[in-house]
2 protein chains.
Amino acid sequence: MTAQRETEPQSRIPLSRDRVLRGAVAVADEGGLDTLTMRNLAEALGVEAMSLYYHVANKEALLDGVAEVIVGEVLAEAETVEGPAPEEDWKTAMRLRILAARQVMLRHRWAPYLIETRTTMNPALLHYYHGLLEIWRRAGFSYDLAHHAMHALGSRALGFTQELFEPAPGSDDESVTDEMFEKMADQLPYLVEMLGEISHDDPETTIGWCDDQTEFEFGLDLLLDGLEQRRLTG
Amino acid sequence: MTAQRETEPQSRIPLSRDRVLRGAVAVADEGGLDTLTMRNLAEALGVEAMSLYYHVANKEALLDGVAEVIVGEVLAEAETVEGPAPEEDWKTAMRLRILAARQVMLRHRWAPYLIETRTTMNPALLHYYHGLLEIWRRAGFSYDLAHHAMHALGSRALGFTQELFEPAPGSDDESVTDEMFEKMADQLPYLVEMLGEISHDDPETTIGWCDDQTEFEFGLDLLLDGLEQRRLTG
DNA sequence: ACCTGAACACCGTTCAAGT
DNA sequence: ACCTGAACACCGTTCAAGT
């Protein structure tokens, strides 16, 4: 019972808020958000569960911290992007930042769920949105329009969208589509016809909830184009 | 311990899946999703917790069922809408349906969270989206564009969006804005200036996560206008 | 200052048993 | 067929105690 440490080498380094949070990210990366329990995290850090409470107020605070770590990653990623000057091509500048942010979400597929779940303020998030705001301002947006724009983009600004239905994780949904097709046909004719016509090409490039890159970019461009339109007719 | 029933009159009506689900909605309406536990729900129905398992496989299945009840409400609401024919004015037709759906979300503020949380298929959801699909088709959308449109709208089609930061529920956030203003001023100049300029008018008409009607309609119209543009440019 | 053991209240759930 | 009592494994968390 004693010799089975998951992280042996740093076991003697004293705990710290930072180590706790990064440990939590590691646990979630490995086993998903469900496996991120206080007891589990403690074990991964080679420590008792109650020790965590010295560095973090409670589980909510832990999750807030984890969300901030992830958005911090997003921020760092966005900062490295080399794009056009917002004054010349704000859409491309913003697009590149957001697609960079998306890369972080693809690395941590549980993160979208976590981020949407947090309701408390997040400094890193503020900084990230400030970066977008700067782009809009330098592109000539009024604060009023830029504010609407932030709300309109929502979580898409961070590189993800929450899909409403999807092939259940693990099950390859073929059975459902094949079997229920006739029963659906008369009740949901348009859907059936659509599914017949659509060739859902790249099923492997999906983020958390069946949100693949093509759909993400379509929605993103739709919004960016629309915002540019609003700016011009301003 | 025996005489404190919350729902006394129907206590003798035998349980049923339907009664369980509607009971769950009632519990969530009253105390939020956190209070919807098996034991809690059982008590509200005047029954032991284990009895629920006869009508519902487990808690996940219960929550799936609750989501379906809510989307069923949305569907019913949307069906009563009297709008223009899609062939003549699809945007208004769809807009009215979606704003009707939003009314349901305003009645059950925990529902957006629940719905975004469910990943399994939901027949009611399928029917609702089928209704939107019909509108697009009758308006001349290709299936390909209509499919993109469904993804682009996402949960907005159901009348809600998930806001990323908001004044924490219960706390009136004034303290934060006032106190940290100077510290933010040099790090987040655009945000500070924006907040100074924006008059956040109607703070009481907010859904779940600081998503007020104005912002919702702005984002919705942005998307609908953009889709119409895409339809015209083929 | 930092970590821990024992204990508490609360989950979802199983299973054998009641009517 | 429908409901229940007792029990289990697992949570987050408190609190007094250790070093």
Side-chain angles (χ1 to χ4, degrees), chain A residues 1-8 10-24 27-28 30-67 110 113-114 117-120, chain B residues 1-8 10-24 27-28 30-67 110 113-114 117-120:
Chain A
M1 289 291 186
T2 24
Q4 45 173 0
R5 282 235 182 74
E6 251 133 323
T7 25
E8 319 154 38
Q10 303 120 313
S11 292
R12 287 299 76 192
I13 299 178
L15 234 48
S16 67
R17 182 181 153 82
D18 203 67
R19 240 165 69 74
V20 168
L21 296 184
R22 282 188 291 109
V27 168
E30 202 165 333
L33 266 185
D34 298 334
T35 70
L36 179 53
T37 68
M38 299 303 266
R39 285 169 166 86
N40 239 340
L41 173 55
E43 195 189 359
L45 292 166
V47 114
E48 289 312 305
M50 304 77 205
S51 309
L52 301 174
Y53 286 88
Y54 191 85
H55 299 96
V56 109
N58 49 39
K59 183 155 191 197
E60 283 299 292
L62 172 72
L63 294 178
D64 286 343
V66 171
W110 46 270
Y113 180 95
L114 176 70
T117 284
R118 304 293 87 201
T119 60
T120 55
Chain B
M1 289 288 186
T2 25
Q4 45 173 359
R5 284 237 181 72
E6 248 133 326
T7 25
E8 319 153 38
Q10 301 121 309
S11 295
R12 288 298 77 191
I13 299 178
L15 233 46
S16 67
R17 183 180 153 82
D18 203 67
R19 239 165 69 74
V20 168
L21 296 184
R22 282 187 291 109
V27 168
E30 200 164 334
L33 266 186
D34 299 334
T35 70
L36 180 53
T37 68
M38 299 302 267
R39 285 169 165 86
N40 237 342
L41 171 56
E43 194 190 358
L45 291 167
V47 114
E48 288 313 303
M50 304 77 203
S51 308
L52 301 174
Y53 286 87
Y54 190 86
H55 299 96
V56 110
N58 49 36
K59 184 153 189 197
E60 283 300 292
L62 172 73
L63 293 178
D64 286 343
V66 171
W110 45 270
Y113 180 95
L114 175 71
T117 283
R118 302 293 88 201
T119 61
T120 56

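Not measured: the values here are computed from a predicted model. Both backbone and side-chain heavy atoms feed into the values below; hydrogens, waters and symmetry mates do not. In the text below, chain A, chain B and the rest are named by the order of the sequence lines, each starting its count at 1.
- A 4.5 Å side-chain heavy-atom check between B:H55 and B:L21 finds every atom pair outside the cut-off.
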Intra- and interstrand pairs of DNA chain C - dot-bracket, Watson-Crick/G-U under 3.5 Å, | marks other strand: ||.|||||...|||||.||
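- Side-chain contact between A:T117 and A:L33: absent, with no pair of heavy atoms (C-beta onward) separated by less than 4.5 Å.
- No side-chain heavy atom of A:T37 sits less than 4.5 Å from a side-chain heavy atom of A:V27.
- Rounded to whole Å, the distance from CD on A:E43 to C1' on D:dC11 is 15 Å.
- Here D:dA9 presents its C1' atom at 14 Å from CG of A:N40, a figure rounded to the nearest Å.
- For B:R17, the salt bridge (charged side-chain N to carboxylate O under 4.0 Å, His left out) criterion is met by no residue, not counting sequence neighbours.
- In this structure, B:L45 places its CG atom 15 Å from C1' of D:dT4, rounding to the nearest Å.
- Shown here for A:V20 and A:L45, the closest heavy-atom pair between the two residues is CA-CD1, 4.1 Å.
- Nearest heavy atoms, A:A67 versus A:L114: N-CD2, 3.7 Å.
- A heavy atom closer than 4.0 Å to some atom of DNA chain C occurs in A:M50, A:S51, A:Y54, A:H55, these being the qualifying members of residues 50-65 of chain A.
- The nearest whole Å value for the distance from the CE atom in A:M38 to the P atom in C:dT4 is 14 Å.
- Side-chain atoms of A:T35 and A:N40 include no donor-acceptor pair closer than 3.5 Å.
- One can place CG of B:L41 at 12 Å from P of C:dC11, the figure rounded to the nearest angstrom.
- Rounding to whole angstrom units, CZ of residue A:R39 and P of C:dA7 are separated by 14 Å.
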Worked verdict on B:R118 versus B:E60 for salt bridge (Lys or Arg N to Asp or Glu O under 4.0 Å): CA-CA 9 Å; B:R118 302 293 88 201; B:E60 283 300 292; 3.2 Å; yes
